[in-house]
Chemist: 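Dropping a structure here in structure tokens format, bear with me for questions.
All values reported here derive from a predicted model rather than from experimental measurement. Below, chains carry the letters A, B, ... as their sequence lines are ordered, and counting in each starts from 1.
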Amino acid sequence: MPRDYNHKEIEKKWQDEWERAKLYETPDSVAGKENLYALVEFPYPSGDLHVGHWDAFAVPDIYVRMKRMQGYNVLFPFGYDAFGLPAENAAIKRNINPADWIAESITKMRAQMKTTGNAFDWSREINTSSPEYYKWTQWIFLKLYEKGIAYRGKGLVNWCPNDQTVLANEQVIDGKCERCDAVVEQKELEQWFFKITDYADRLIDDLDGLDWPEPIKLAQKNWIGRSQGAEIDFEIVDSSEKVTVFTTRPDTLFGATYLVLAPEHPFVKSLPKNNLLSAQIGLMLQKNEIERTAEGKEKTGVLLEGIHALNPATKQEIPVYVADYVLGHYGTGAVMGVPAHDERDHQFAMKYGLPVMQVITPPAPAVGNGEPACYTGVGYLTNSQNFSGEFSEDAKKKITESVGGKLTSKYKVRDWLISRQRYWGAPIPIVYDPEGKAHPIPEEHLPWVLPSDADIKPKGTSPLGSSKELIERTEKIFGKGWRPETDTMDGFVDNSWYFFRYLDPHNTHEFSSLEKQKLWMPIKRYSGGAEHTTVHVLYSRFLTKVLFDMGLSTVAEPYEVRLNRGIILAEDGRKMSKRWGNTVNPDEHVKNVGADAVRTYLAFIGPYNVVGSFPWSTNGLIGVRRFLERVAGLSEKLDDGADSAELEILLQQTIKKVGEDIESMKFNTCVSALMILSNAMGDSATVSKSSYKTLLTLLAPFAPHLAEELWHNLGHTTSIHVEAWPTFDPSKLELEVITLAVQLNGKLRGTIQVNRTATQDEALSLAQADPTLGPKLPAAWSKIIYISGRILNIIS
RNA sequence: GGGCGAGUGGUGAAAUUGGCAGACACGCCAGCCUUAGGAGCUGGUCCUCGAAAGAGGGUGGAGGUUCAAGUCCUCUCUCGCCCACCA
């Protein structure tokens, strides 16, 4: 076949043929084959496939294809995370129904995705916005409701005034809406929550058993934010009231010289109304979290006149403040102020002239100009009555117990708020009786269909409230005066369980049967964007645990390995953006150089399992196309004879290298190894047919169409993609004679050709006999380091 | 401010995990060839000195460990991502 192959013709031809032969449809099990589930985060159907989608799916496809050739029954599914704000906003803009817009986008995206040549099993395609899918999202909600994990609660929520909806904490970035950048307001509403805090410990502890990259585990742990500390009661003087504080430093209790409460604290609310006071506190409460944190961390507080708390350790009366640097939602909303050993408390104490009592002495006195503002490290207790002299870590438990406190943990993570006052989501399957009491919708009424007659334009209340059909449906089923829940679920609920559905996508009576789960779970590799390391991965782990506890999942952890990939930047090194006009259109490049070249180029661009950013280079793409052309051109110099020993060894090395590096997702070095092999074949006068076949099978995962075409040109009538992955002969990985580096005192002085099994003496005499190297070597030496096959180092 | 990660040619990056730094590719330079194409072929391309052989230097910076350091240790600078008053 000529070098300049016609990619348009052959790619279309083989895609059609694979589809006709159902080559990639994955049965639930195949005799003699092990199942393997490879997953990539499914995309939101934006209607336009960009390079990021290619990078996300076509590159892991290399791994999938190798695993198939290695004899695994590999499930590699595809679907659409279709609910959510973007579709709704797009539909409002175009004045059409989101469902229509999504349907159109999916059709377009599916066609584009098929041009990648990926080994997807299209028969398992899912769409989270289809009633067949969200029926089960609702069903899962009901299961959580039964267990008390889904609950209705009042709470301050983040409100986006532009999108007119509540946002999860995770969707608030720097106090602004992650989608539209509007400044988020705080609002108190009745909402539905999932009790993820009940699972916080397990979500941390179970990470220890997982073989994930450490940074990803750590990100999960930090996100959950477990702090071990103590809850300690402070009595309010001349009152029966007490305030419980949470502290990670109970060892500094003797240094607590004041008490601070969050403005939201119940004790503050219970105080008799004092106009001045409530005005000041009201001012704090009015501020949203951004304002509270934005003011240069300047701490402002209000003294509660006439109110004192009792430090349970010193028995001294201490003043009580209300300050907005204390967060209402974290810990107990109350903090003991230890100015000597906490920087925030120190700042506050300086401003309000509160006493600083040092109770910890650093193990080694601070060097340099003294008067440290405050010392936050560990040390030895002082000024702490009979605890003085103890090491701070040891004193934590003792002091806590001595004042009747208890050791406990607190978490940064808050319960998952799942209510959205938007249209395009799964309706929450709840109805309210005339008294306003919530009732779950019985399973037989699922899917509780999203009505099509709602006014979807944002106006501050849930769009579903405007649907006559929904209200009529509710009254018809439940009775007069009953009304539907009008909020929909956060899209993260839909995509927290989708991987179960791929296993059993057409099941009409179960969300995912245990039999199918047993065959496939857990997921061998889950690849996705770094931005989902915390939220999505955490939520899906949480939901899996909940289902596991109910006997509905076969595993407590869904992902054997989670991997993050990098991002592809524009050619100018900036992020791709329509605003910059620097987006890379993959369709155009596929048209010019073919899907095989685009796939292989993306594999070559950099290490895949590293979170980096890689600028696109059209020249680099063309370079990869040239490589593929050279492989095609090699078919014209085939011969039935044997290859040179060098070429044979190189082939064995390449088999080893490519296999190992695909396994560890280092696709870039695989491509490089294939280039080296094909360059060597190009330099050779002839190439044996058998070596060439091996090259093609190694290339098949990267360039599936070209490899298939060249394979058939050799006379094969079955697909190269069902061939066995080549194996190497470990005894043929090295030449008999190798190049050995010779150093003198650790400096390279030259190289010699030695037998690879040469002894130190043999290597040394060869070095001495070498015409250029020999004269440089000393006559005597004190030591020789010889590592067979690596180095000969002579120390004079 | 905290956490995590990364600093290697003009560019994307390799480096058997402590053993010849810069593989492979892009770009660039010189030459050849032509059916002028995003062509193909040959050679060159870390820096300094040198005609060359060769010598010296070199992986953000400064120290250290080692026969040997891009890789390990200490300090430091810069950049990226995430979180940010979490007691």
Chemist: Could you walk me through whether A:Glu762 and A:Asn755 pass side chain to side chain contact (heavy atoms under 4.5 Å, CB included), step by step?
Modeler: CA-CA 9 Å; A:Glu762 284 164 356; A:Asn755 194 293; 5.8 Å; no
Chemist: Is the shortest side-chain N/O distance from A:Lys747 to OP1 or OP2 of B:G57 below 4.0 Å?
Modeler: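 So the side chain of A:Lys747 is within the cut-off, an N or O lying under 4.0 Å from OP1 or OP2 of B:G57.
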Chemist: A:Ile676 or A:Thr739: which one's nearest nucleotide on RNA chain B is closer to the 5' end?
Modeler: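 Nearest-nucleotide comparison on RNA chain B picks A:Thr739.
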Chemist: Among the nucleotides B:A25, B:G19, B:A87, which one has an atom lying closest to any side-chain atom of A:Leu327?
Modeler: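 Nearest nucleotide to the side chain: B:A87.
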Chemist: Over how many whole Å does the gap from A:Glu214 atom CD to B:G3 atom C1' extend?
Modeler: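 So the CD-C1' distance, A:Glu214 to B:G3, works out to 15 Å.
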Chemist: Using the C1' atom in both, what is the distance from B:U8 to B:C24, to the nearest Å?
Modeler: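 After rounding to an integer number of Å, I get 16 Å for this pair.
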Chemist: Are OP1 or OP2 of B:G37 and a side-chain N or O of A:Arg626 less than 4.0 angstrom apart?
Modeler: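 So the side chain of A:Arg626 is outside the cut-off, no N or O lying under 4.0 Å from OP1 or OP2 of B:G37.
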Chemist: Considering only side-chain heavy atoms of A:Leu748, which listed nucleotide, B:C67, B:C20, B:G3, is closest?
Modeler: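 The closest nucleotide is B:C20.
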Chemist: Please report the distance separating the P of B:U16 from the corresponding atom of B:A6, rounded so that it comes out in whole Å.
Modeler: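 Nearest-Å result for B:U16 against B:A6 at atom P: 15 Å.
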Chemist: Select base, sugar-phosphate, or nothing to describe what A:Ser227 touches, counting heavy atoms under 4.0 Å on all strands.
Modeler: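 Sugar-phosphate, backbone atoms only, no base.
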Chemist: Report which part of the nucleic acid A:Asp345 touches: base, sugar-phosphate, or nothing (heavy-atom distance under 4.0 Å, all strands).
Modeler: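 A:Asp345: no heavy atom of the nucleic acid under 4.0 Å.
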Chemist: What interatomic distance, in whole Å, is found between C1' of B:U66 and the corresponding atom of B:U71?
Modeler: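 The same atom, C1', in both gives a distance of 13 Å.
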Chemist: Below 4.0 angstrom from OP1 or OP2 of B:A25, is there any side-chain N or O of A:Arg630?
Modeler: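 Checking A:Arg630 against B:A25: at least one side-chain N or O falls below 4.0 Å of OP1 or OP2.
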Chemist: Check this for me, if you would: do A:Lys299 and A:Asp345 make a salt bridge, where the nitrogen-to-carboxylate-oxygen distance has to be below 4.0 angstrom?
Modeler: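 Here A:Lys299 does not pair with A:Asp345 in a salt bridge, since their nearest N and O are not under 4.0 Å apart.
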Chemist: Scan every strand shown for a Watson-Crick or G-U wobble partner of B:C4, both distances under 3.5 Å, and answer none if you come up empty.
Modeler: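 Result: B:G80.
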Chemist: The side chain of A:Phe604 lies closest to which of these nucleotides: B:C67, B:A15, B:G12?
Modeler: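 Of the options given, the side chain of A:Phe604 lies nearest B:G12.
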Chemist: Taking pairing as Watson-Crick or G-U wobble with both contacts under 3.5 Å, can you name the mate of B:G27, or confirm there isn't one?
Modeler: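 Pairing partner: B:U45.
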Chemist: Of the listed nucleotides (B:G38, B:G19, B:A87), which one gets closest to any side-chain atom of A:Ile791?
Modeler: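 In terms of side-chain proximity for A:Ile791, the closest of B:G38, B:G19, B:A87 is B:G19.
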Chemist: With both distances kept under 3.5 Å, what pairs with B:G9, Watson-Crick or G-U wobble?
Modeler: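 Here B:G9 is not engaged in any pair, so there is no nucleotide opposite it.
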Chemist: With both distances under 3.5 angstrom, what nucleotide forms a Watson-Crick or G-U wobble pair with B:A15?
Modeler: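 Here B:A15 is not engaged in any pair, so there is no nucleotide opposite it.
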Chemist: Can you check B:G9 for me, syn or anti if syn means within 90° of 0?
Modeler: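 Syn, angle within 90° of zero.
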Chemist: Among B:A14, B:C26, B:G3, which is the nearest nucleotide to the side chain of A:Asn619?
Modeler: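 My answer, after comparing the listed nucleotides, is B:C26.
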Chemist: Could a donor-acceptor pair under 3.5 angstrom be found where the side chain of A:Asn793 meets the base of B:C67?
Modeler: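 Check passes, donor-acceptor contact within cut-off.
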Chemist: Parallel under 30°, tilted from 30 to 60°, perpendicular over 60°: which one fits the rings of A:Trp616 and A:His589?
Modeler: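 Rings of A:Trp616 and A:His589: tilted, 30 to 60°.
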Chemist: With rounding to the closest Å, how many angstrom separate the C1' atoms on B:C32 and B:A68?
Modeler: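 Pairwise C1' distance, B:C32 against B:A68, rounds to 45 Å.
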Chemist: Counting only Watson-Crick or G-U wobble pairs whose two distances fall under 3.5 Å, which nucleotide matches B:G22?
Modeler: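 Paired with no nucleotide.
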Chemist: If you look at every strand shown and take non-hydrogen atoms under 4.0 Å, does A:Phe246 touch a base, only sugar-phosphate, or nothing?
Modeler: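 Here A:Phe246 touches the bases of the nucleic acid.
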Chemist: Counting just side-chain N and O atoms, does A:Tyr330 come under 4.0 Å of either OP1 or OP2 of B:A87?
Modeler: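 Checking B:A87 against A:Tyr330, a side-chain N or O does come within under 4.0 Å of OP1 or OP2.
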Chemist: Measure from the side-chain N and O atoms of A:His265 to the backbone N and O of A:Ala334, and report whether any donor-acceptor pair falls under 3.5 Å.
Modeler: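 Between the backbone of A:Ala334 and the side chain of A:His265 there is no qualifying donor-acceptor contact (under 3.5 Å).
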Chemist: Does a donor on one side chain sit under 3.5 Å from an acceptor on the other, for A:Gln652 and A:Lys732?
Modeler: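 There is no such pair between these side chains.
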Chemist: Is B:G70 paired to anything, Watson-Crick or G-U wobble with both distances less than 3.5 Å, and if yes, which nucleotide?
Modeler: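 Pairing partner: none.
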Chemist: Take atom C1' in B:A21 and the same atom in B:G57, then report the distance between them in whole Å.
Modeler: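 Rounded to whole Å, the distance is 13 Å.
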Chemist: Examine the base of B:C85 for any acceptor or donor lying under 3.5 Å from a partner atom in the side chain of A:Lys299, and report the outcome as yes or no.
Modeler: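 Indeed, a donor on one side and an acceptor on the other fall under 3.5 Å apart.
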Chemist: If pairing requires Watson-Crick or G-U wobble contacts with both distances under 3.5 Å, which nucleotide is the partner of B:G37?
Modeler: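 The base-pairing partner of B:G37, which may sit in any strand shown, does not exist here.
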Chemist: Taking only the P atom of each, what is the distance from B:A55 to B:C72 in whole angstrom?
Modeler: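 Nearest-Å result for B:A55 against B:C72 at atom P: 30 Å.
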Chemist: For A:Gln743, answer base if it contacts any base atom (sugar-phosphate contacts may also be present), sugar-phosphate if it contacts only those atoms, and nothing otherwise; contact means non-hydrogen atoms under 4.0 Å.
Modeler: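 Base contact - A:Gln743 has a heavy atom under 4.0 Å of at least one base atom.
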Chemist: Around atom CD of A:Glu231, are there more than 12 heavy atoms of other residues, nucleotides or ligands at under 6.0 Å?
Modeler: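 More than 12 heavy atoms, drawn from other residues, nucleotides or ligands, come within 6.0 Å of this atom.
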Chemist: Nearest to the side chain of A:Pro607, heavy atoms from C-beta on, is which of B:C4, B:A14, B:C20?
Modeler: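 Side chain of A:Pro607 sits closest to B:A14.
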Chemist: For B:C83, does OP1 or OP2 lie under 4.0 Å from any side-chain N or O of A:Thr534?
Modeler: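 Answer no for this pair, as no side-chain N or O of A:Thr534 is under 4.0 Å from OP1 or OP2.
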Chemist: Ring centroids only, cut at 6.0 angstrom: are A:Tyr258 and A:Phe348 within range, meaning strictly under it?
Modeler: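 So the answer is yes for these two rings.
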Chemist: Would you say the side-chain atoms of A:Glu41 and A:His532 include a donor-acceptor pair closer than 3.5 Å?
Modeler: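 Their side chains do contain a donor-acceptor pair, which is all the 3.5 Å distance test asks for.
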Chemist: Could you please name the option among B:C24, B:A87, B:G5 that lies closest to any side-chain atom of A:Val335?
Modeler: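 Ranking B:C24, B:A87, B:G5 by closest atom to the A:Val335 side chain puts B:A87 first.
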Chemist: Return whichever of A:Val611 or A:Met675 has its heavy-atom-nearest nucleotide of RNA chain B closer to the 5' end.
Modeler: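 The answer here is A:Val611.
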Chemist: Please measure how far the C1' atom in B:G18 lies from the corresponding atom in B:C67, and state the result in whole Å.
Modeler: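 Pairwise C1' distance, B:G18 against B:C67, rounds to 12 Å.
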Chemist: Scan A:Gly623 against the nucleic acid and name what it touches under 4.0 Å (heavy atoms): base, sugar-phosphate only, or nothing.
Modeler: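 Counting heavy atoms under 4.0 Å across all strands, the contact made by A:Gly623 is with sugar-phosphate only.
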Chemist: Now, which nucleotide makes the Watson-Crick or G-U wobble pair with B:G58, with each of the two distances under 3.5 Å?
Modeler: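 Paired with no nucleotide.
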Chemist: Nearest whole Å is fine: how far is B:G80 C1' from A:Ile567 CD1?
Modeler: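 Value for this atom pair: 10 Å.
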Chemist: Which part of the nucleic acid does A:Arg226 contact within heavy-atom distance under 4.0 Å: base, sugar-phosphate only, or nothing?
Modeler: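 Touches nothing.
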Chemist: Look at the side chain of A:Trp223 and decide which nucleotide, out of B:A15, B:C20, B:C83, has an atom nearest to it.
Modeler: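 Of all the options, the side chain of A:Trp223 is nearest to B:C83.
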Chemist: In terms of side-chain heavy atoms of A:Thr751, which of B:A14, B:C20, B:A87 is nearest?
Modeler: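 Minimum distance to the A:Thr751 side chain belongs to B:C20.
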Chemist: Fit a plane to each ring of A:Tyr321 and A:Tyr352, take the angle between them on a 0 to 90° scale, and name the class: parallel (under 30°), tilted (30 to 60°) or perpendicular (over 60°).
Modeler: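 Answer is tilted, since the angle falls between 30° and 60°.
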Chemist: Does A:Ile787 reach a base, just sugar-phosphate, or nothing at all? Heavy atoms under 4.0 Å.
Modeler: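 Base contact.
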Chemist: Which way is the base of B:U71 turned, syn or anti, if we draw the line at 90° from 0?
Modeler: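 Anti, since the glycosidic angle lies more than 90° from 0.
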Chemist: If the P atom of B:U11 is compared with that of B:G1, how far apart are they to the nearest Å?
Modeler: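 Pairwise P distance, B:U11 against B:G1, rounds to 31 Å.
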Chemist: Closest approach to the side chain of A:Phe614, judged atom by atom: which nucleotide of B:C4, B:A87, B:A13 is it?
Modeler: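 Among the listed nucleotides, the one closest to the side chain of A:Phe614 is B:A13.
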